[in-house]
There are 2 protein chains.
Amino acid sequence: MDDIDRNILRELQNDGRLTNQELAARVGLSASPCMRRVRQLELDGVIQGYRAVVAPEAVGRGFEVLVSIEVRRDRETVEAFEAALQDIPDVIEAHRLFGSPGCLLRIAVADLAAYERLWIERLTTLAGVTEVNSQIIMKRIKEPQGLPVDG
Amino acid sequence: MDDIDRNILRELQNDGRLTNQELAARVGLSASPCMRRVRQLELDGVIQGYRAVVAPEAVGRGFEVLVSIEVRRDRETVEAFEAALQDIPDVIEAHRLFGSPGCLLRIAVADLAAYERLWIERLTTLAGVTEVNSQIIMKRIKEPQGLPVDG
DNA sequence: TCTGAAAATCATCCCCA
DNA sequence: TGGGGATGATTTTCAGA
């Protein structure tokens, strides 16, 4: 991975639909070696995929909540809990933490009423959960916008 | 926004580099109207852009930390603080919350040493900050993977 | 709004340096 | 590894239904 690869990653994080020709021009290469590098980055798993970024409000997901969850800390409970999260589409991000809380979710729903429903129907009913603490997001200060690529 | 538009959004969140022909086939349209819809979704800001998804470990960003921050709650402090966050590339996500903490950051760096440096040099020095609490992420349970599109 | 066809652009492969 | 050129896809636009 050299400077050119890093430039490619920067450009494609910025615009994932750049044509290969345009990308090649920006990183100072001609089309063929540029495409070879991109393919290699994909094969190596450095580029994991490409995604359209959709406005949450436009698809009824403008209301976001951060939820701290405490789960009983034995292996089976934790694994079942984390598997269950995969099946709740409203959970758009989940992290297991050291310390407390043991887990933090980011949830995107339409509005407060939708969140109340989700909370009572699907969060409080998860097995092994001992505590659920919801914090409504007032404002997105900084959006996920691709990773910085140094060098 | 009808079912076809929603399908387009689903498909493009899943693979942002789908060719227009393939996309058209999947949503049951021929190429031209499909492209018109995509362009319209882009113009309307429903599709905000396209991004390559890069593996954090591959670019030295495999160590993630959630940071709760408390800031003095007057308008000037808050605005200056949030502006300052925009200039720290390691901060990949930031939310202003109701309640406490007032702000939560997600930070991606290379390792613990890099985080220590960031913490002492750039987080504790932010004006108006009264409390900084760092939680290391043990595991990403669920990655950002595009918003669910209902209907 | 969709379809279909035509023109321009682009991706992709192969081979040479 | 990078470059150039041939070939087949794909995008993009436009007229018509």
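Only heavy atoms go into these numbers, but all of them, side chains included; no hydrogens, no water, no symmetry mates. Keep in mind it's a predicted model, so treat the numbers as computed, not measured. Below, chains carry the letters A, B, ... as their sequence lines are ordered, and counting in each starts from 1.
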For B/D44 and B/Q40, which I'm curious about, is there any donor-acceptor pair between the side chains at under 3.5 Å? yes

Under 3.5 Å, is there a donor on one side chain and an acceptor on the other for A/Q13 and B/Y50? no

Would you kindly give the CZ-to-P distance between B/R39 and D/dT13, to the nearest whole Å? 8 Å

Protein-nucleotide distance (B/R37, atom CZ; D/dT12, atom C1'), rounded to Å: 18 Å

Out of D/dT11, C/dC2, C/dA11, whichever nucleotide has its closest atom nearest the side chain of B/M35: D/dT11

Among D/dG3, C/dA11, D/dG2, which is the nearest nucleotide to the side chain of A/I4? D/dG2

Could you please spell out the steps behind the side chain to side chain contact (heavy atoms under 4.5 Å, CB included) verdict for A/H95 and B/E64? CA-CA 10 Å; A/H95 300 284; B/E64 296 199 11; 4.1 Å; yes

Categorize A/S32 for me: base, sugar-phosphate, or nothing, with a 4.0 angstrom heavy-atom threshold over every strand shown. base

Classify the nucleic acid contact of A/R36 as base, sugar-phosphate or nothing, counting any heavy atom under 4.0 Å across all strands shown. base

Closest-nucleotide ordering on DNA chain D, the 5'-leading residue of A/R17 and A/C34: A/C34

Under 3.5 Å, is there a donor-acceptor pair between the side chain of B/Q86 and the main chain of A/I141? yes

Let me spell it out: for each of A/Q21 and B/P33, pick the nucleotide of DNA chain C with the closest heavy atom. Which residue's pick is nearer the 5' end? B/P33

